[in-house]
J.: 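After the C-alpha cells below, expect a handful of questions from me.
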Amino acid sequence: SDPDPLQDVCVANYNSSVTVNGYACKSNYTYTPEDFASMAIAQPGEPNIFGTKVGVANVDNMPGLNTLGMSWSRVDFERDGLNPPHTHPRATEIIFVLDGDLRAGFITTDNVFVNKLITKGEVFVFPRGLIHFQFNVGKSNASILVAFDSQKPGVQPVISMFATKPSIPDDVMAKAFQTSVEEVQKIRERLVPTN
Ligand code: GLV
Ligand code: MN
C-alpha cells in the first residue's frame, strides 16, 4: 500500500541529511547489486519471551527496497510459540507456512474474529491495519515466510501499551481495561522484567 515509485530505483541513502517520506536516494550509478540483495532472513531472528523469533528484510536493512512497496519477514516458532497480537499500520500481510501447524487469526473493526488452523503449504492473508497473531498449535516447531505490501510495514504489538516510554498513566490503563491499578502494574512487570 505504499505510494508508487516515480523512478526505476531509489536505493536508500542511509547517510543523507535530507528527510523525505522513506529514504532519500543514493546518487545515480552509485548503488551496487548488493543493495538489491539481502541475507537478513537466511537465519531465524532473535528469540523473544513468547517463544518466537522474528527476522525482517525491509528498507531499514535492504536499501534497494526503498520506494518499491514490499518487504519480507520470517517467523520461527518454538512449541507453543506465539507471535502476539499486533498490527501493521502500513501493510497487508500474506504468510506461507514452511513448516508446522498454526492458528492464525485477525479481528475486523466489526469485532469479528476470523481465524483458522493453517498447515505446511498453506497461505493466509491479514488485511492491512487489523490486529492479528499466529500461534504454534502443533507438536513441533513451525516457521512461516511473511510478505508485506510496504517497504516498512511498521509493527504495533497490542501489549506494547503496557510498555511505552514514558508510561501511559496507570489510571488511564486501569480505566481502559476496567481493572485495578495494581493489576496494571503487575502486567507491566511481567512484560518488562526489571533485571
Ligand atoms: C507476522 O505476523 C509478522 O508480522 O511477522
Ligand atoms: Mn504481522
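Note that this is a predicted model, so its numbers are computed, not measured. Both counts, for ligands and for their atoms, begin at 1 and track the order of listing. Values reported hereafter were calculated over all heavy atoms of this structure, with side chains retained and with hydrogens, waters and symmetry mates removed.
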J.: Counting only heavy atoms from other residues, nucleotides and ligands, does the tally under 6.0 Å from CG of Leu130 exceed 12?
T.: yes
J.: Do Phe126 and Phe148 have ring centres separated by under 6.0 Å?
T.: no
J.: So does Gln7 have more than 12 non-hydrogen atoms from other groups sitting under 6.0 Å from CD?
T.: yes
J.: Are there any protein N/O/S atoms under 2.8 Å from the Mn ion (ligand 2), and if so, which?
T.: His86 NE2, His88 NE2, Glu93 OE1, His132 NE2
J.: Using the ring of each side chain (for Trp, its six-membered ring), is Phe124 parallel, tilted or perpendicular to Phe106, with breaks at 30° and 60°?
T.: tilted
J.: Using the rule given for salt bridge (charged side-chain N to carboxylate O under 4.0 Å, His left out), can you reason through Glu182 versus Arg188, listing the C-alpha separation, both sets of side-chain angles and the distance that settles it, and then say yes or no?
T.: CA-CA 10 Å; Glu182 292 69 35; Arg188 288 194 201 282; over 6 Å; no
J.: Is there a donor-acceptor pair under 3.5 Å between the side chain of Asn66 and the backbone N or O of Cys10?
T.: yes
J.: Would you call Lys186 and Glu189 a salt bridge, using N to O less than 4.0 angstrom?
T.: no
J.: Any protein N or O within less than 3.5 Å of an N or O in ligand 1? List each pair with its distance, or say none.
T.:
from     : atom 1 : to     : atom 2 : distance (Å)
ligand 1 : 2 (O)  : Asn83  : ND2    : 3.2
ligand 1 : 2 (O)  : His86  : NE2    : 3.1
ligand 1 : 2 (O)  : Glu93  : OE1    : 3.2
ligand 1 : 2 (O)  : Glu93  : OE2    : 2.7
ligand 1 : 2 (O)  : His132 : NE2    : 3.2
ligand 1 : 2 (O)  : Gln134 : OE1    : 3.4
ligand 1 : 2 (O)  : Gln134 : NE2    : 2.9
ligand 1 : 4 (O)  : His86  : NE2    : 3.1
ligand 1 : 4 (O)  : His88  : NE2    : 2.8
ligand 1 : 4 (O)  : Glu93  : OE1    : 3.1

J.: State whether Asp101 and Lys139 are salt-bridged, where the test is any N-O pair (Lys NZ or Arg NE/NH1/NH2 against Asp/Glu carboxylate O) under 4.0 Å.
T.: no
J.: Should Asp2 and Lys152 count as an ion pair when the cut-off is N to O under 4.0 Å?
T.: no
